[in-house]
Amino acid sequence: MKVNGVQKECPANFTIAELLAQEGFAKEGVAVELNMGIVAKEAYGTTVLKEEDVVEVVSFMGGG
Amino acid sequence: MGKDVFMLGGKEFSSRFILGSGKYNVELIQAAVEQAGAQIITLAVRRANSGGEGNILDYIPKGVTLLPNTSGARNAQEAVRIARLSRELGCGDFVKIEIMRDSKYLLPDNAETVKATDILAKEGFVALPYMYPDLNTARDLVNAGAAAVMPLAAPIGSNKGLATKEFIQILIDEIELPIIVDAGIGRPSQACEVMEMGAAAVMANTAIATAGDIPQMASAFKKAIEAGREAYLSGLGRVREKGGEASSPLTGFLRD
């Protein structure tokens, strides 16, 4: 799978919640998009990722 | 003077200074916001850094309204995607629509901005489109459901001041929505001038971020914006095109 543009291994039964924990993303400060669709925070623990998935994890940064 | 309230997206603000949070250390954001007296601060949405880097929201004082921008978007579709993600981040539904396909001057694409405004306003966003000051586009933005119109004064990050002054004045005179002058304002005097002209608010980032003392410049802008607003509300004195006019009595001179 691809996470923020980087190819990653996708273990079996790997959820978005597990991905966030593995990558060190704080759940509170991020939004997650899976294959261009937004994933609700409540679904992080139940959404299982697949090899071909494209995941974007975004947060706020300084900007004008 | 009565209470002067700035209404935007159904919220009441007393400050007319929208502060950007880009290009400077997050440690300085709180001091800058406080010195600016800002009640609205802009943010960008980007790929998150892994490894739990500090969350910028921890540095922004509570009660400040967040205004995420869609910077990085090259067309309406990308702006809509970024706006939806920003709302998912859970800090309200204000969005500054910023769409550029020119990377040299960073000028906004007005046509795509109208399209994105239309979609996002229908989705319930408080749509605040950043645009090149053009009256026809501004009218299209009104019809598309914008909550305000944000014309540029000069290219983003240039600090060049009111290069589009005449055209901003046209928008102020003809558009019912608040006109928030965004981008290019480099000095407090320019912020003051555009407020004297009747702008509803000023947005500034680079002028503050590249100043020698960031919080102090934020304070200088605050005062300039307040002074300009007060001057506008007072009604500026008239200009006499030719000749002078004494302010002192023309009688009782100490001479015969």
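First the proteins, then the strands, lettered A, B, ... as listed; each starts at 1. Note: hydrogens, waters and symmetry copies are ignored here, and every other heavy atom, side chains too, is used.
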### Value rounded to 0.5 Å, distance of CE in Met36(A) from CD in Gln77(B)
6.5 Å
### Task
Identify the heavy atoms of Ala31(A) and Leu85(B) that sit nearest to each other, and give their distance.
CB-O, 3.8 Å
### Task
May I ask you to check whether over 12 heavy atoms, not counting those of Phe167(B), lie within 6.0 Å of atom CZ?
no
## Note on the structure
Listed by number, the residues in residues 4-19 of chain A that come under 4.5 Å of chain B (heavy atom to heavy atom) are Asn4(A), Gly5(A)
### Task
Please look at Val39(A) and chain B and tell me whether the side chain, the backbone, both or neither of the residue comes under 4.5 angstrom of a heavy atom of that chain.
backbone
### Message
Are more than 12 heavy atoms, taken from residues, nucleotides or ligands other than Gln22(A), located less than 6.0 Å from that residue's CD atom?
### Response
yes
### Query
Looking at Asn205(B), Leu67(B), Thr42(B), which has the largest count of heavy-atom pairs under 4.5 Å with chain A?
Thr42(B)
### Message
Between Arg84(B) and Glu33(A), is the side-chain contact (heavy atoms from CB on, under 4.5 Å) condition met? List the steps.
### Response
CA-CA 10 Å; Arg84(B) 288 173 181 158; Glu33(A) 199 186 61; over 6 Å; no
### Summary
Scored by heavy-atom pairs under 4.5 Å with chain A, the best of Gly22(B), Ala48(B), Ser86(B) is Ala48(B)
### Query
For Lys23(B), does the NZ atom sit with more than 12 other heavy atoms under 6.0 Å from it, leaving out its own atoms?
yes
### Message
I'd like to know whether CZ of Arg187(B) has more than 12 heavy-atom contacts from other residues, nucleotides or ligands below 6.0 angstrom.
### Response
no
### Task
Without swapping roles, check the side chain of Asn69(B) against the backbone of Gly64(A) for a donor-acceptor pair under 3.5 Å.
yes
## Note on the structure
Scanning both residues in full, the closest heavy-atom pair of Gly62(A) with Ala44(B) reads O-CB, 3.9 Å
### Task
Calculate, to the nearest 0.5 Å, the distance between atoms CZ and SG belonging to Phe60(A) and Cys91(B) respectively.
4.5 Å
### Task
Kindly check if the number of other-residue, nucleotide or ligand heavy atoms within 6.0 Å of NZ (Lys165(B)) is above 12?
no
### Task
Among Val26(B), Asn49(B), Leu43(B), Val45(B), find the residue that satisfies the side chain to side chain contact (heavy atoms under 4.5 Å, CB included) test when tested with Met61(A).
Asn49(B)
